[in-house]
Each structure stands twice: as structure tokens, then as C-alpha cells.
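Computed from a predicted structure; not experimentally measured.
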Amino acid sequence: MNDNLLQFKEKTTHGTPLSPLAKYHTDISDLLPFYPIHWHEEMEILKVQSGQGTFCIEGKWYNAAQGDIIILTPFVMHSINRDGNHDMSLDAIVFNLRLLETGGADVCTLKYFAPILNSKQVAPAIIRTTDEIYHAFDQSITAILMGNEKEDGFELQVKANLYWIFYHLYSRRLVKATVNLPEDKRYYSIKQVLEYIRANYMNEITLAQLAKLCGYSEYYLMKLFKKFCGITCVDYINNYRLNIAGQLLLSTEDDVSSIAYQVGYNNISYFNRQFKDQYGMTPKQFRSQRLAQVSEQTA
């Protein structure tokens with residue numbers, strides 16, 4: 001893993017040696033139409049609880065519907081996206097494989113966890129409700145999601161079910177050797193561009209800058225970016241900025257013009273138009289509507 005990319009990876013720590021995971025709930029809707037492409041050292045398993053959406057995983061696109069399970073191995077680039085006007089509700093389990101290690105020269109660790117941590121092997125990206133193997137995985141995932149953290153032995157239950165998930169992955173021969181994408185210059189270049197955007201979205205970003213970063217012509221970069229990410233580079237930059245803007249509207253009291261400047265827009269009218277195209281409402285309407293929903297939920 002290139003040192004230049006490590007500084008941009010997601011820095012949240014998930015879980016502890018006693019309880020090696022964190023659980024999250026996410027709703028993909030008009031208020032959060034996509035979760036930008038990112039990566040992390042932890043493994044992530046998501047279950048679609050309702051609705052439908054799309055996932056971009058290592059440049060490949062997958063449609064997912066209620067009940068489907070998405071498995072993301074460490075260091076995999078991925079994004080979560082709205083599918084047209086359809087909303088999607090997700091529960092996620094995020095855990096660090098290193099926290100499942102028993103220490104020392106553990107044979108199981110070397111045989112089953114190390115190849116995934118080292119990106120030599122990869123699990124299936126999606127398990128659908130119609131797959132024969134589905135219920136074996138769903139049983140363990142549901143047990144983790146529904147587990148009571150205050151119950152004695154909760155941590156043992158979590159680890160037991162994580163081990164069961166890996167047992168099913170290997171016993172059913174679902175884990176495969178990876179195509180060595182991290183060493184592919186094209187893949188590395190797109191990852192480099194994505195991380196550059198993530199670190200510099202508040203500044204002016206041009207195609208010329210990005211092309212120079214990875215040593216390609218602007219035309220070839222645009223073609224390659226569209227192939228790996230499914231949208232143009234310019235659209236991705238705008239979408240990323242608007243995603244951050246939506247978060248700032250809900251988490252701060254900054255006025256709209258200030259937020260526009262913070263996310264890299266120098267033209268307020270253009271920002272307002274882009275925001276309305278993305279969210280279907282103006283920034284002020286977005287803030288008031290979302291805050292009203294939160295107020296109703298907490299009343």
C-alpha cells in the first residue's frame with residue numbers, strides 16, 4: 001500500500017480487542033443520495049434492510065435489494081448510491097480482522113485471515129436472497145446485528161458469529177484469489193485521483209491537475225475515470241462537494257454562502273443550482289426539512 005494513499009484512508013477505528021466491531025445504520029435517500037467512494041483497513045458487511053440501491057466496488061457496479069448482503073474486504077474501494085428515486089436502508093458491521101487474531105504463530109490466522117488482509121484473496125461482493133448459501137450467512141449477520149451489548153457473553157457471541165461467517169466463506173469455496181488490481185497502474189491512478197479529491201475538494205481542482213498527478217492525458221483520464229467509477233470526474237467532484245455541503249447544513253449553523261465556499265464553490269448561484277439538481281430542493285429547504293424531520297423523531 002503506497003504511503004501517499006495511507007494518509008487519506010478513513011481514520012475511524014472500529015471495535016476493540018474485546019468486541020472487535022462497530023455497527024452502523026445508514027439511509028440512502030434524497031437527503032443522502034450517495035456515500036462517496038472510500039476505503040478502509042477494516043472489513044465491512046452490509047445488509048439491505050429495505051428498498052434498493054447500487055454499490056460500486058473496485059470499479060464494478062452491483063444492484064442490491066432488500067435482504068441482500070454485501071461483503072467488502074479490507075482496502076477495497078467502494079461507494080453506496082441511490083438507484084433512481086428508490087430509497088435504501090442499510091445496517092453495517094465493520095470490524096478489523098487483526099482483532100480476531102489469537103496471537104503468536106496462529107495457523108488459522110496465517111491460513112484464513114492473512115491472505116484477505118494482504119489483498120491476496122477476496123470474498124464475493126454480494127450474496128443475494130435467492131442464493132443457496134444466503135441463509136447460512138444471514139443467520140450469523142442477523143445475530144450480530146440483533147445482539148444485546150449489555151448481555152453477558154455478548155463479545156463471545158460476536159466473535160463466534162464472525163468465525164462462522166468465515167467458516168462458510170471457506171467451506172463453500174467462495175473466497176478466490178484476487179486479480180492483483182492494486183499493482184495495476186490504471187487502478188492505482190484512479191485511487192490516487194479519488195484520494196486527491198477527498199483531500200482537496202475545498203480548493204479548485206482541474207482535470208489538468210489530476211491528469212498530471214497520474215501521468216495521463218486529460219482525455220485518457222476522463223475515459224478511465226468513467227470506466228472505474230461510472231460517472232465523469234467532474235460529476236464526481238461536484239457530487240462529493242455537495243455531499244459534504246449537505247452534512248454541513250445539518251451539523252452547523254453556517255449560512256449557505258459560507259458552506260458553498262467551504263466546499264469549493266466560488267459562485268453561490270451555481271452552487272444553489274447544483275444543490276437543487278442533486279437533492280431536489282434548495283439548501284435552505286434541505287436544512288429546514290431535515291431538521292424538522294429530526295425534531296419530529298425526537299419529540
Side-chain angles (χ1 to χ4, degrees), residues 1-2 5-6 9-10 12-24 38-48 55 57-60 62 64 68-78 90-129 131-147 149 153-184 187 191:
M1 183 61 62
N2 186 282
L5 293 182
L6 286 175
K9 82 179 185 72
E10 184 179 273
T12 303
T13 299
H14 304 282
T16 66
L18 182 61
S19 182
L21 60 73
K23 296 185 286 187
Y24 299 98
H38 63 290
W39 65 276
H40 40 70
E41 183 180 358
E42 292 81 9
M43 189 162 175
E44 184 171 7
I45 300 176
L46 304 103
K47 181 178 179 181
V48 181
F55 294 80
I57 304 170
E58 300 288 69
K60 295 182 179 179
Y62 301 85
D68 288 346
I69 295 167
I70 294 84
I71 300 177
L72 303 167
T73 47
F75 307 109
V76 164
M77 297 289 291
H78 57 281
L90 298 160
D91 280 326
I93 301 165
V94 185
F95 59 96
N96 194 321
L97 278 176
R98 300 184 194 280
L99 297 179
L100 291 180
E101 297 176 352
T102 57
D106 177 52
V107 176
C108 282
T109 294
L110 295 175
K111 183 175 181 179
Y112 298 113
F113 296 155
I116 292 178
L117 274 168
N118 295 330
S119 301
K120 300 299 183 182
Q121 294 181 335
V122 66
I126 186 166
I127 298 175
R128 303 189 184 280
T129 56
D131 293 340
E132 182 183 354
I133 59 175
Y134 176 81
H135 292 292
F137 287 92
D138 185 52
Q139 185 174 12
S140 291
I141 293 167
T142 299
I144 294 173
L145 291 172
M146 300 297 291
E149 298 181 13
F154 168 75
E155 297 86 1
L156 292 172
Q157 183 249 36
V158 165
K159 288 190 175 183
N161 279 291
L162 288 176
Y163 278 114
W164 269 112
I165 289 171
F166 277 92
Y167 166 74
H168 290 303
L169 285 173
Y170 278 98
S171 68
R172 297 166 187 266
R173 301 180 183 274
L174 299 177
V175 177
K176 306 294 183 182
T178 58
V179 176
N180 205 0
L181 282 176
E183 294 181 9
D184 185 302
Y187 174 83
K191 192 169 186 178

- Task: Kindly compute the distance separating CD1 (Ile127) from CD1 (Ile141), expressed to the nearest 0.5 Å.
- Result: 6.5 Å

- Message: As an exercise, state the distance from CD1 of Ile144 to NZ of Lys159, rounded to the nearest 0.5 Å.
- Response: 12.5 Å

- To the nearest 0.5 angstrom, please state how far the CE atom of Met77 sits from the NZ atom of Lys60. 16.0 Å

- Note on the structure: To the nearest 0.5 Å, atom CG of Leu97 lies from atom CD of Glu42 at 9.5 Å

- Decide yes or no for Val48 and Ile70: does some side-chain heavy atom of the first lie under 4.5 Å from some side-chain heavy atom of the second? yes

- Item | Geometric class of the Tyr170/Phe166 ring pair [parallel <30°, tilted 30-60°, perpendicular >60°] | parallel

- Measure centre to centre between the rings of His40 and His78, then say whether the value is under 6.0 Å. yes

- Message: Please report the interatomic distance CD1(Ile45) to CG(Leu145), rounded to the nearest 0.5 Å.
- Response: 9.5 Å

- Does Arg172 reach the side chain of Glu132, with side-chain heavy atoms less than 4.5 Å apart? no

- Task: Please say which of Leu90, Asp138, Ile93 ends up in a side chain to side chain contact (heavy atoms under 4.5 Å, CB included) with Lys47.
- Result: Asp138

- Message: Less than 4.5 Å apart, side chain to side chain, heavy atoms only: is that true for Gln121 and Thr73?
- Response: no

- Task: Work out which heavy atom in Glu44 is nearest to a heavy atom in Ala92; give both atom names and the distance.
- Result: OE2-CB, 3.8 Å

- Message: As a test of understanding, state which of Leu72, Ile126, Ile71, Val94 forms a side chain to side chain contact (heavy atoms under 4.5 Å, CB included) with Leu46.
- Response: Leu72

- Roughly how far, to the nearest 0.5 Å, is CG of Asp68 from OH of Tyr62? 13.0 Å

- Where the side chain of Lys176 meets the backbone of Arg173, is there a donor-acceptor pair that is under 3.5 Å apart? yes

- Flag side-chain contact, heavy atom, 4.5 Å: Phe137 against Leu174: yes

- Query: Can you find a pair of side-chain heavy atoms, one from Asn96 and one from Glu41, that are under 4.5 Å apart?
  - Reply: yes

